[in-house]
Protein chains: 2
Amino acid sequence: MELSRDYSIDPVLLLKEYGLRITPQRISILSHMNQYKMHLTAEQIYHAIKDEFPSLSVATVYNTLKAFIDAGFVKELRVGDHASKFDLNLIPHHHLVCEKCGHIEDFHFIDLPIDKIANMHNFHVRHYHLEINGLCANCQEGHPSYIHQNQIS
Amino acid sequence: MELSRDYSIDPVLLLKEYGLRITPQRISILSHMNQYKMHLTAEQIYHAIKDEFPSLSVATVYNTLKAFIDAGFVKELRVGDHASKFDLNLIPHHHLVCEKCGHIEDFHFIDLPIDKIANMHNFHVRHYHLEINGLCANCQEGHPSYIHQNQIS
DNA sequence: GTCTCTGCAAATCGTTTGCACGTTT
DNA sequence: AAACGTGCAAACGATTTGCAGAGAC
C-alpha cells in the first residue's frame with residue numbers, strides 16, 4: 001500500500017556528498033532522523049541524542065537542521081500551532097496530517113500535473129508538497145486522541 | 001491563464017453566515033483581505049487598518065484571524081522562516097511559493113487523486129493543499145529580489 | 001593554520017493570554 | 001442583562017544570535 005522507507009543512509013557519505021563538515025553531532029542527528037523515518041521536532045531530536053552528547057545544546061540541533069535544509073535533504077514541516085517537524089526528504093513524498101492527534105503519515109507515488117502548472121505560470125519548480133488534512137483512521141473511530149498525542153510523528 | 005478572484009464578498013453577510021459577531025474591526029479586516037486578494041501577515045493587516053482604528057491592537061488581529069480560521073473561511077500559510085500569512089479561502093486553491101522573493105501566487109483547477117489516497121489510508125479528508133516551491137518568473141530572470149521583497153504577497 | 005561547528009546564554013519575535021472595559025446580541 | 005470582542009501589557013515559546021573555545025579540514 002505504501003513503499004516502506006527501508007533504504008539505508010550513511011550519514012558520513014551524505015554529509016560528504018553535500019560538502020558539509022562531518023561532526024559526531026551531525027552524524028548522530030542524521031542517524032536518528034533516518035532510524036525513526038519520522039517527523040521529529042528539534043526538541044525530540046535533542047532529547048534523543050543528548051545522552052550521547054551530554055553537552056549538546058538545542059541551538060546546535062537547530063543550526064544543524066538549518067544547514068541540512070539549506071543543503072536540501074531535510075524539509076521543515078510547519079503544521080498546526082506547534083513546533084516545526086523536520087523530515088529527512090531524500091525520497092520525495094507527501095503527507096496526511098491528522099487535525100485531531102497531530103499524527104503525520106507519508107504517502108508516495110502520486111502523479112501530479114506539476115509541469116503543466118509550472119508552465120502556465122512560468123515558474124521554475126524546485127520542490128512540491130501535497131498536504132492532506134483531516135482525521136486519521138484512529139481518530140475517525142472515536143478513539144481517544146491521547147493515544148496518539150505523545151507519539152513521535 | 002488563471003481565474004481572477006473577482007468575486008465580491010460582503011463581510012457582514014459572511015460573518016452572519018458563520019454566526020460570528022459583527023464588529024467594525026472584523027468587517028475592516030475582511031474587507032482588506034478581500035480587497036487585496038492576497039496573502040497578508042497579521043502585521044500587514046494591522047498596519048493596513050490601524051488608521052481606521054487608532055486604538056487597534058495586533059492581538060485583536062490575531063484573535064480575529066483565529067476566529068476566522070476556526071470558522072473555516074481563512075487559511076493560515078506557514079512558509080519560509082517568516083510570519084504566517086493569512087488567506088481568505090472561500091474558493092479552494094493552491095500555491096506557488098517563490099523561494100527567493102517570498103511571493104505567493106495562487107492557482108486553481110487541478111485534478112488531484114485525493115479520494116484515492118484517502119481511501120488507501122483510511123483517512124477522512126477535510127482540506128488539502130498543494131504547495132509548489134521554486135522561482136517565480138521574475139526571480140528566474142535574474143531580477144534583483146528586492147523588487148518583490150516588500151510587496152504584499 | 002584556517003575556517004567552521006559547538007555550546008552557552010541572552011536576545012528576538014511572532015503569537016497568545018489575562019484582565020478590565022466596551023459592544024453586540 | 002448576558003455573552004462576547006477589544007485593547008493593553010505581560011507572558012510564552014520556538015528559534016536565532018554573539019561569542020569563546022573546540023574540532024574538522
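Just so it is clear: chains get the letters A, B, ... in the order the sequence lines come, proteins before strands, and each one is counted from 1.
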Would you say the side-chain atoms of [X] pair up with the backbone N or O of [Y], donor to acceptor, closer than 3.5 Å?
X: B:Asp87; Y: B:Asn89; value: no
X: A:Glu131; Y: A:Leu77; value: no
X: B:Gln25; Y: B:Ile49; value: no

Could you pull out the protein-nucleic contacts involving nucleotides 21-25 of chain D (nitrogen or oxygen on both sides, under 3.5 Å)?
| from | atom 1 | to | atom 2 | distance (Å) |
| --- | --- | --- | --- | --- |
| D:dG23 | N2 | A:Arg21 | NH1 | 3.1 |
| D:dC25 | OP1 | A:Ile22 | N | 3.1 |

If I take atom [atom1] in residue [X] and atom [atom2] in nucleotide [N], what distance separates them, rounded to the nearest angstrom?
X: B:Ile29; N: D:dG5; atom1: CD1; atom2: P; answer: 12 Å
X: B:Ile45; N: D:dT6; atom1: CD1; atom2: P; answer: 13 Å
X: B:Tyr46; N: C:dT15; atom1: OH; atom2: P; answer: 15 Å
X: B:Asp70; N: C:dT15; atom1: CG; atom2: P; answer: 15 Å
X: B:Gln44; N: C:dC13; atom1: CD; atom2: P; answer: 16 Å
X: A:Ile69; N: D:dT15; atom1: CD1; atom2: C1'; answer: 11 Å
X: A:Arg78; N: D:dT15; atom1: CZ; atom2: P; answer: 8 Å
X: A:Arg26; N: C:dG7; atom1: CZ; atom2: C1'; answer: 14 Å

task = Have a look at A:Thr41 and say if it touches a base, only the backbone sugar-phosphate, or nothing, with a 4.0 Å heavy-atom cut-off.
result =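 Since no nucleic acid heavy atom lies under 4.0 Å of A:Thr41, the category is nothing.
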**OP:** Only one of B:His39, B:Glu76, B:Gln44 passes side-chain contact (heavy atoms from CB on, under 4.5 Å) with B:Phe86; say which it is.
**Re:**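 Result for side-chain contact (heavy atoms from CB on, under 4.5 Å) with B:Phe86: B:Glu76.
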Exercise for the section: Over all heavy atoms of both residues, which pair between A:Leu15 and A:Arg21 is shortest? Give the atoms and the distance, please. Expected result: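 Of all heavy-atom pairs spanning A:Leu15 and A:Arg21, the closest is CD1-O, 4.1 Å.
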Q.
Counting only side-chain heavy atoms from C-beta out, which of C:dT15, D:dT16, C:dG7 sits nearest to B:Glu76?
A.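 When the side chain of B:Glu76 is considered, C:dT15 is the closest of C:dT15, D:dT16, C:dG7.
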A:Ile69 reachable from B:Leu135 in the ILVMFWY side-chain graph, under 4.5 Å edges =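 Different clusters.
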* Asked: Any chain of hydrophobic side-chain contacts (each under 4.5 Å) joining A:Phe107 to B:Ile132?
  ->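 Both belong to a single hydrophobic cluster.
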Apply side-chain contact (heavy atoms from CB on, under 4.5 Å) to residues B:His129 and A:Leu130 and explain how you reach the verdict. CA-CA 6 Å; B:His129 174 231; A:Leu130 176 58; 5.9 Å; no
For C:dT23 and B:Gln25 - does any side-chain N or O of the residue sit under 4.0 Å from the phosphate oxygens OP1/OP2?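 So the side chain of B:Gln25 is outside the cut-off, no N or O lying under 4.0 Å from OP1 or OP2 of C:dT23.
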- [ ] Taking only the side-chain nitrogens and oxygens of A:Lys66, find out if one of them lies under 4.0 Å from OP1 or OP2 of D:dT15.
- [x]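 Answer no for this pair, as no side-chain N or O of A:Lys66 is under 4.0 Å from OP1 or OP2.
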Can you check nucleotides 8-11 of chain C for protein contacts, nitrogen or oxygen pairs under 3.5 Å, and list what you find?
| from | atom 1 | to | atom 2 | distance (Å) |
| --- | --- | --- | --- | --- |
| C:dC8 | OP2 | A:Ser55 | O | 2.7 |

So, do B:His93 and B:His95 have ring centers that fall under 6.0 Å from each other?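 Yes, the ring centres sit under 6.0 Å apart.
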